[in-house]
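Below is one structure, written out as structure tokens; comments come after it.
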Amino acid sequence: MFALVDANSFYASVERVFRPDLEGRAVVVLSNNDGCIVARSDGAKALGIKMAVPYFEVRDLIERNDVAVFSSNYTLYDDMSRRAQEVLRPFADRMEVYSIDESFLFWRHECPWQQIGEQILSRMQRWTGLPVGVGFGPTKTLAKLGNHLAKRAIGATGVHVIDTYAQATDALSKVEMTDLWGIAHRMLKRLAKLNIKTPLELRDANPHYVRKSLGVVMEKMIYELRGESCIPLECETPDKQNICCSRSFGQVTNDPAMLREAVATFASQAAVKLRRQDLVAGRLCVFVNTDIHAAVEQYGASWAVRFPPTADTRELAGYATHCLHRLFRPQHFYKKAGVYLMELGKRRTAQPELFEDRALAKAHRLMKVMDNINRDHGRGTVRIASSSPMALNAGRTWHLRSDYRSPRYTTRWDELPVAIARKSKAASAHSSL
DNA sequence: TCTGGGGTCCTAGGACCC
DNA sequence: TCTGGGGTCCTAGGACCC
């Protein structure tokens, strides 16, 4: 069983914890440049303040209703997030920290779920002061759905359990398509073209057919809604694949010196994040944009360079200014710029060793797969596609390639032989992974 | 020279999440 | 006047290799 625990209006709730005098007053928190609303308390939501609206559009409303306004304080939110994680961890067998305000919990055995949910609520309230919602489900997607109902269903109590197929059917009948985790407006339109318009219709759709038109992500979604877990828990936080630092400027500029200073600053801030995770970057990319909201000729471009992996601020800043030089067009006025660090690797590990380790690990995986096949099925070929993004996630997530004839895939190493067996029955002995 | 059945690396873009 | 800042995964095609 999975559970998803998330904090209600996290940033706003954290500010509240430290300002008990705000009791009864609505609260909003603003984005970095005080540009947009990024969190609203229930009271602020009730006033009709939408997520991510520009501050200036709702300023009047906010002032008229005496809403408390905060600039965001990410150091504080990070700290509070860690405290909340410590409270949650002992409840379950395993835990995945999914975002700053959400964690998945996982249990191997049956438990009194409702009761556990209530304990989580009360302990979180007493130990951190944060209001949370808890949703239980046999898959991550259903746990997310449970969480949604825990907070928003009529008479919601903060805990919602989806434990049976009937409960899942009931839950799915109560929500909109876009309430599902992984469906936003574009996917909504594409699903509608397949005549899939409600969450129940999606669950009962033909997975092969959906996969053909919409891809493997939507296919997984169908299985998840049916209670077959396809999205595994990820307990160790994987190393970052990209690190980005970008900002909108208060005013547009076409001054090359200012832009140089800006991207050099972004590069050094990104370098701090890089070193904090003990990583080095092998590639850096700079991007610039004109003001997308202004009625001017738009210009947006990026330029990347590759170099011997480093985490050195001065080197990275140098690459950044070099890239900027390639992009800069004096006729445009720029509103936004940023730096990406890419091709990240572990610091203090020489590249050749890294490569050999990976090759070795690949060989081991291949042998293990072959063993399984030989033991269980006598014959068959498994080919490891190292170009597949999944192959780089060795040992965590595996799925059968799309040209693999089985419509099913597995997300767990130890399920692989089962999937192979299904496939063997259905088609030939030659398979690829 | 042709063929089958692949692999690797790159770019670009689309879609989603918080 | 004023419109955030991060991330991930998947797909598709081209060029080239064995």
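All values reported here derive from a predicted model rather than from experimental measurement. Every chain is numbered from 1, with letters handed out A, B, ... down the list of sequences.
- Close to C:dC2, at under 4.0 Å from its OP1 or OP2, lies no side-chain N or O of A:Gln251.
- Residue A:Arg247 has its side chain nearest to C:dG6 when only B:dC18, C:dC10, C:dG6 are considered.
- Per the geometry, CG belonging to A:Asn147 stands 13 Å off C1' belonging to B:dC18, to the nearest Å.
- Between A:Lys336 atom NZ and C:dG4 atom C1' the separation is 7 Å, expressed in whole Å.
- Positionally, the nearest nucleotide of DNA chain C for A:Glu57 lies more toward the 5' end than for the other of A:Glu57 and A:Gly215.
- For the P atoms, the distance from C:dT3 to B:dA15 is 27 Å, rounded to whole Å.
- In this structure, A:Asn242 does not reach the C:dG6 phosphate: none of its side-chain N or O atoms is under 4.0 Å from OP1 or OP2.
- Checking B:dC16, C:dG7, B:dC18 against every side-chain atom of A:Glu102, the shortest atom distance belongs to B:dC18.
- Between A:Tyr11 and A:Tyr74, the ring center distance clears the sub-6.0 Å criterion.
- The aromatic rings of A:Tyr299 and A:Tyr334 stand perpendicular to each other, their planes meeting at an angle above 60°, with 30° marking the opposite boundary.
- Between the CG atom of A:Leu191 and the P atom of B:dA15 there is a distance of 12 Å, rounded to whole Å.
- To the nearest 0.5 Å, atoms CG (A:Asp204) and CZ (A:Arg226) are separated by 6.5 Å.
- Side-chain atoms of A:Asn32 lie closest to C:dG4 of the nucleotides C:dC10, C:dG4, B:dA15.
- If you check C:dT8, B:dA15, B:dC17 against the side chain of A:Ala184, the one that comes closest is B:dC17.
- For A:Ala52, whose side chain is taken as the heavy atoms from C-beta onward, the closest listed nucleotide among C:dG6, C:dG4, C:dC10 is C:dG4.
- Between A:Trp303 and A:Tyr319, a ring centre-to-centre spacing not shorter than 6.0 Å is recorded.
- Taking atom CZ of residue A:Arg190 and atom C1' of nucleotide C:dT11, one finds them 10 Å apart after rounding to whole Å.
- At a threshold of 4.0 angstrom between heavy atoms, the contacts of A:Ile243 are confined to the sugar-phosphate backbone, with no base atom among them.
- For the pair A:Val217 and A:Arg59, nearest-nucleotide mapping onto DNA chain C gives the more 5' position to A:Arg59.
- As rounded to whole Å, 9 Å separates atom P of C:dG7 from atom CG of A:Leu341.
- A donor-acceptor pair shorter than 3.5 Å can be found between the side chains of A:Asp6 and A:Asn147.
- Ring centers of A:Trp181 and A:Tyr98: under 6.0 Å apart, within the cut-off.
- Figure legend. B:dC16 is base-paired to C:dG7; pairs are counted as Watson-Crick or G-U wobble with both atom distances under 3.5 Å.
- Closest to the side chain of A:Lys335, from the set C:dC10, C:dT3, C:dG6, is C:dT3.
- In this entry the distance linking CG of A:Asp6 with C1' of B:dC17 reads 13 Å, nearest Å.
- Counting only heavy atoms from C-beta on, A:Trp181 has its side chain closest to B:dC17 among C:dT11, B:dC16, B:dC17.
- We find that CG of A:Leu30 is positioned 13 Å from P of C:dT3, with the value rounded to whole Å.
- Across C:dT8, B:dA15, C:dG6, the shortest atom-to-atom separation from the side chain of A:Cys245 is found for C:dG6.
- Contact between the side-chain N/O atoms of A:Arg283 and the OP1/OP2 oxygens of B:dT11 is found at a separation under 4.0 Å.
- The side chain of A:Ser248 contributes no N or O atom lying less than 4.0 Å from OP1 or OP2 of C:dT3.
- The phosphate of B:dC18 (OP1 or OP2) has a side-chain N or O of A:Lys144 nearer than 4.0 angstrom.
- Atom OH of A:Tyr11 is separated from atom C1' of B:dC18 by 7 Å (rounded to the nearest Å).
- Nearest nucleotide to the A:Tyr98 side chain, out of C:dG4, B:dC16, B:dC17: B:dC17.
- An OP1 or OP2 oxygen of C:dG6 is reached within less than 4.0 angstrom by no side-chain nitrogen or oxygen of A:Lys240.
- Here the side chains of A:Ile183 and A:Met221 are in contact, with some heavy-atom distance below 4.5 Å.
- Looking at the side chain of A:Asp101, the nearest of the listed nucleotides C:dG4, B:dC18, C:dC10 is B:dC18.
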